[in-house]
There are 2 protein chains.
Amino acid sequence: MTATAARCPMRGRPPDPSKRAAIVAAAGALFSRQGYGISMEAIAGEANVSKQTIYNLFSTKEHLFGAVVASCSETIIEAIPTPAEHAPPTEGLSRIAHEYVRFMTSGKIPLVYRLMISAPSEVGAVLTAQFYDNGPRRALAQVADYLRDQDRLGNLKIANPDLSAECFFGMLNGQILIRNMLGLQDHWSEAHLDEKADYCVAMFLSEHAQK
Amino acid sequence: MTATAARCPMRGRPPDPSKRAAIVAAAGALFSRQGYGISMEAIAGEANVSKQTIYNLFSTKEHLFGAVVASCSETIIEAIPTPAEHAPPTEGLSRIAHEYVRFMTSGKIPLVYRLMISAPSEVGAVLTAQFYDNGPRRALAQVADYLRDQDRLGNLKIANPDLSAECFFGMLNGQILIRNMLGLQDHWSEAHLDEKADYCVAMFLSEHAQK
DNA sequence: TATTTACTGGACTACATAGTCCATTTTGAC
DNA sequence: GTCAAAATGGACTATGTAGTCCAGTAAATA
């Protein structure tokens, strides 16, 4: 009966939604950069909000962390490369590859992964599982489905679509993800990224192209 | 003049080297599992040692963490797959691949990565860079050299050995590393690992084999 | 045996932080 | 204007932990 919104008269000062957004954003940034140990005071300061306001919205630090994780999963899902279903494999894979390497080097996503890992295990165990299922696993499944379709259509020869999808993303990742997670920031030039994407697509097709 | 060992008379109870080893081992395990926030008391307890003994050997928590990181780099270096230099590529790559996937799923190495990431940035920035250079980067360079040789020998056609090595390891990793770092432990069957290794080698050779 | 050093265990200090409380101010709805 | 809820800021409690201190005990040499 979630009648929360039905408290008709609606008296008093209405909550400012920008506060909540600012808190989640600040918490995300600080958790990623400094780890879960960052203080609530620091988060409040970064969000330009009083500590009490945080506790009005989130009962505990863990709840706040959960909210941050949820918002991250959304980010990842939005950014999943969706293969054009009827595009020929060369074109479809190439688009996925170029999008993905840019996605992974965009600065935002590595922070998401760092965030997930920064939580101590007691806090993060369930959340990380949810995150993986909602984000990376879904992206993987989508591409595996695409590969299955292309096999059925006779455009590619794919014996094990799941394995192929996993390895395809793996080679696109290369060292990017691990280096980012370790906090070693480096600049990957556009040319380098394109070269890598093209190389991976070529290798994948050389194995799977229907002759 | 490191004359520490030259204090000739050597009176008094000699230090027990097993204490230091136990401390580093316990700290490594707990940092990996629980994060840098784990208490020194807990480490002392896990190592069956008094807290004071830890502080006799390591002046601060950061120093202890540094010692753990150093020991991890060694572990990684020891486990770098070293390609047999004169083996034909099919065989050499296959050996690397099978060794590597087992290595990455051995349970020990994911913990090392988790350890590196668990340190808050102030503590870990320099250490993680050292770790990467001593461990993963070295492994990568070794395989790149191997690929360069095979290209020179006319066994493979490799335009960019560094890129090829990076992508080769990347596809072997697939989702293994990321899932382990997220703490999602799963069991990878031997058959699955062999299939993946064989698949990656086949794909790599199908692109690079000299016809 | 005497001496010197390693190690233990427990008490202790100093400090940071999660979370609470409350008096005051702001903001919008009526 | 009036009222109710939102937000502030600052004081406050409780707790946990890094690091110290110390008195006692174990283990080796001389």
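Chain letters run A, B, ... following the sequence lines, proteins first and then strands; every chain starts at 1. Bear in mind the structure is a predicted one, so any value in this text is a computation, not a measurement. Hydrogens, waters and symmetry mates play no part in the numbers below; they use all other heavy atoms, side chains included.
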Could you tabulate the donor-acceptor pairs under 3.5 Å formed by side-chain atoms of residues 46-58 of chain A, not counting sequence neighbours?
residue, atom, partner, partner atom, Å
A:Ser50, OG, A:Thr53, N, 3.4
A:Ser50, OG, A:Thr53, OG1, 3.0
A:Gln52, NE2, A:Asn56, OD1, 3.1

Suppose we call two aromatic rings close when their centres sit under 6.0 Å apart. Are B:Tyr113 and B:Phe131 close by that rule?
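When the ring centroids of B:Tyr113 and B:Phe131 are compared, they turn out to be within the sub-6.0 Å range.
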Interatomic distance where CD belongs to B:Glu41 and P belongs to C:dA11 [whole Å]:
11 Å
I would like to know whether B:Met171 and B:Phe204 meet side-chain contact (heavy atoms from CB on, under 4.5 Å); could you show each step before the answer?
CA-CA 10 Å; B:Met171 65 178 139; B:Phe204 191 84; 4.0 Å; yes
Find which nucleotide of DNA chain D each of B:Glu62 and B:Pro14 is nearest to by heavy atoms, and output the residue with the more 5' nucleotide.
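Its nearest nucleotide being more 5', the pick is B:Glu62.
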How would you label the contact of [X] with the nucleic acid (heavy atoms, under 4.0 Å): base, sugar-phosphate, or nothing?
X       : result
B:Lys51 : base
B:Ile43 : nothing
A:Leu64 : nothing

Classify the side chain of B:Arg11 and the base of C:dT5 as holding, or not holding, a donor-acceptor pair under 3.5 Å.
no
Nearest of [options] to any side-chain atom of [X]?
X       : options               : value
A:Lys61 : D:dA18, D:dA7, C:dG19 : C:dG19
A:Ser50 : D:dA7, C:dC7, C:dA18  : D:dA7
B:Asp16 : C:dC7, D:dA7, D:dA18  : C:dC7
A:Gln52 : C:dC7, D:dG9, C:dA18  : D:dG9
B:Arg13 : C:dC21, C:dT8, C:dT5  : C:dT5

Ion pair A:Asp145/A:Arg148, N-O distance below 4.0 Å
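Judged by the 4.0 Å cut-off on N to carboxylate O distance, A:Asp145 and A:Arg148 do form a salt bridge.
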